[in-house]
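Right, one structure below, let's go through it.
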Amino acid sequence: MPELPEVETIARGLASRVTGDLIESVWLGSKPEPLKSPAAAIVDTLEGKRIAGVRRVGKHIVVDLATDRRRSRPSRSSRKRHSAFVDQGRSTQTESQWIVHLGMTGQFVVCSAAAEIAKHTHAIVKLASGRELRFVDPRRFGRLSVSAGREFAAAGSEPLEVVVERFLDLFRGRKTPIKSALLNQRLLSGVGNIYADESLFRAGIRPRRRVASLSRDQLRRLYRSVQQVLNQAISLGGSSISDYVDADGAEGFFQLQHRVYGREGEPCLVCRTPVKRVVIAGRSSHYCPKCQK
DNA sequence: ACTATTTCCTGGATGC
DNA sequence: TGCATCCAGGAAATAG
């Protein structure tokens, strides 16, 4: 279940492997669910473009696309003005993005064109290097889209970039349980079920607590916990639960640091009290009834 | 304007 | 062994 740390890990891995490569052709499967943009728009936006970079925005993977401009047709002014971007006989200009959301079970991998095509492969993008980018998603909660002309932006704030004053503003006065608020992507983009539970444990706050009932100090502590948990998870390559692997097929190790998620009935690592599991907003939520108030 | 609930999906686990 | 049922959850849709 890819959340911010997993998506960050995947995006970094892809960036180091496919940046600079050229998209030759695009194949899209017949299942329409994964496509948020019309199939024709996706094909038109991708084909013939150079990959300028791959990055994470919230839980989305953003592939920046650039159009090659041949040097044989330089305009006098642009040649001088854009000389910094001229690279190996071409200049590039970022102008559109390919957006990939992995949902629950999505995988976005780079592999040899000869590699066996996995079941539930919904998109194959052929690269000039002979490799392929593939989107595989059994449960089809993932989504593919393109954004041309305007810069793609997530609905909420980046949890690792938001300043504490803004964080307090986002949450202030809300009646919803803090767990629901952490999962709301319009507030913070990137926190999912695992990291919400882990952040709340580290902050000593029960998931059912109404946001409005939390003191400023508690919210400040939660702010630090969210950043701490996400940063540590990124440094460990994310959490490998069920089928998560990064762009190289390697597993992450943050699941070994989980203190409450998936530990129902097991002793709290601090006080030995059995970890409880309740359902909030249809999501299982894990907490220590003694350490979290 | 908010908040809460339901729905979409498949594979793996569980129960009889 | 086989078959039905349940559960996982991100986010859009729907309901309150």
Side-chain angles (χ1 to χ4, degrees), chain A residues 1-11 28-38 56-62 99-108 117-123 135-145 147 152-159 169-200 207-214 226 230 233 238-245 252 254-255 258 260-265 275-287:
Chain A
M1 43 201 81
E3 303 178 27
L4 187 151
E6 291 76 31
V7 177
E8 178 72 31
T9 302
I10 293 165
L28 299 173
S30 54
K31 294 276 183 11
E33 291 93 341
L35 305 184
K36 233 171 128 183
S37 300
R56 176 196 61 78
V57 174
K59 293 177 192 171
H60 304 264
I61 297 169
V62 176
I99 320 296
V100 180
H101 193 294
L102 299 173
M104 274 290 293
T105 52
Q107 296 189 351
F108 192 39
I117 295 172
K119 200 177 172 186
H120 305 298
T121 297
H122 304 300
F135 177 69
V136 183
D137 184 15
R139 226 170 288 179
R140 283 185 272 152
F141 278 15
R143 292 293 180 263
L144 301 181
S145 62
S147 176
F152 172 80
S157 299
E158 281 292 332
D169 279 348
L170 284 172
F171 287 79
R172 176 167 300 145
R174 291 181 177 271
K175 295 186 176 71
T176 194
I178 184 62
K179 171 67 182 283
S180 301
L182 285 172
L183 294 179
N184 184 345
Q185 301 298 298
R186 294 177 176 285
L187 302 179
L188 294 180
S189 295
V191 178
N193 207 38
I194 295 174
Y195 297 103
D197 281 6
E198 293 298 316
S199 298
L200 287 168
R208 273 206 215 279
R209 281 288 298 277
R210 303 276 155 177
V211 180
S213 79
L214 297 171
V226 168
L230 293 176
S239 301
S240 283
I241 301 282
S242 73
D243 43 15
Y244 164 72
V245 289
F254 189 74
Q255 67 278 10
H258 292 178
V260 284
Y261 182 84
R263 297 192 66 245
E264 181 186 10
V275 170
K276 286 196 77 170
R277 187 185 81 93
V278 296
V279 174
I280 301 171
R283 301 287 165 266
S284 53
S285 303
H286 311 74
Y287 69 99

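Note: hydrogens, waters and symmetry copies are ignored here, and every other heavy atom, side chains too, is used. Below, read A as the first sequence line, B as the second, and so on, with proteins coming before strands; counting in each chain starts at 1.
Contact between the side-chain N/O atoms of A/T176 and the OP1/OP2 oxygens of B/dA4 is found at a separation under 4.0 Å. At B/dG11, one or more side-chain N or O atoms of A/H120 fall inside 4.0 Å of OP1 or OP2 (strictly under the cut-off). A close approach under 4.0 Å does not occur between any side-chain nitrogen or oxygen of A/K119 and OP1 or OP2 of B/dT10. At least one side-chain nitrogen or oxygen of A/R277 sits closer than 4.0 Å to the OP1 or OP2 atom of C/dA8. OP1 or OP2 of B/dT3 has at least one side-chain nitrogen or oxygen of A/R174 nearer than 4.0 Å. Proximity of A/K59 to the phosphate of C/dA11: a side-chain N or O atom is located under 4.0 Å from OP1 or OP2.
Across the protein-nucleic acid pair, A/N193 atom CG and C/dG10 atom C1' stand 10 Å apart, rounded to whole Å. Between the NE2 atom of A/H101 and the P atom of C/dA12 there is a distance of 8 Å, given to the nearest Å. In this structure, the CZ atom of A/R140 is 17 Å from the C1' atom of C/dA11, given to the nearest Å. Taking atom CD1 on A/I194 and atom C1' on C/dG10, their separation rounds to 12 Å, with Å as the unit. In this entry the distance linking CG of A/D197 with C1' of C/dG10 reads 15 Å, nearest Å. Remark: C1' of C/dA11 and CZ of A/R283 are 9 Å apart, rounded to the nearest angstrom. Between the P atom of C/dG10 and the OH atom of A/Y195 lies a distance of 12 Å, rounded to the nearest Å. Rounded to whole Å, atom P of C/dA8 lies 15 Å from atom CD of A/E3.
Helix-axis bend for the helix from B/dC2-C/dG16 to B/dC16-C/dG2: the local axis fitted to the five terminal pairs at one end deviates from that at the other end by 50°, rounded to 10°.
Side chain of A/T105 to main chain of A/R139: a donor-acceptor pair is present (N/O by atom type, distance under 3.5 Å, no hydrogens or angles). A/D197 places no side-chain N or O within 3.5 Å of a backbone atom of A/Y261 that could act as its donor or acceptor partner. Within the 3.5 Å criterion, the main-chain N or O of A/G190 finds a donor-acceptor partner in the side chain of A/Q185. Between the side chain of A/Q107 and the main chain of A/D137, no donor-acceptor pair closer than 3.5 Å is present. Side-chain atoms of A/R277 never come within 3.5 Å of backbone atoms of A/H286 as a donor-acceptor pair (strictly under, hydrogens ignored).
Taking 3.5 Å as the limit, the base of B/dG11 and the side chain of A/R139 contain no donor-acceptor pair of atoms between them.
Picking from B/dT10, C/dG10, B/dA4 the nucleotide with the shortest atom distance to the side chain of A/P138 gives B/dT10. Comparing B/dA4, C/dA11, C/dA8 by their nearest atom to the side chain of A/R210 picks out B/dA4.
Here A/L188 contributes atom CG and A/L170 contributes atom CG; the two are 6.0 Å apart, rounded to the nearest 0.5 Å.
Note on A/S180: nothing from the nucleic acid sits closer than 4.0 angstrom, heavy atoms only. Across all strands, A/R186 comes closer than 4.0 Å to no nucleic acid atom at all (heavy-atom distances).
A 6.0 Å sphere centred on NZ of A/K59 holds more than 12 heavy atoms belonging to other residues, nucleotides or ligands.
Test A/L182, A/L214, A/T176, A/N184 against A/F171 for side chain to side chain contact (heavy atoms under 4.5 Å, CB included) and you get one pass: A/L182.
When each of A/R143 and A/G173 is assigned the nucleotide of DNA chain B bearing its nearest heavy atom, the one mapping closer to the 5' terminus is A/G173.
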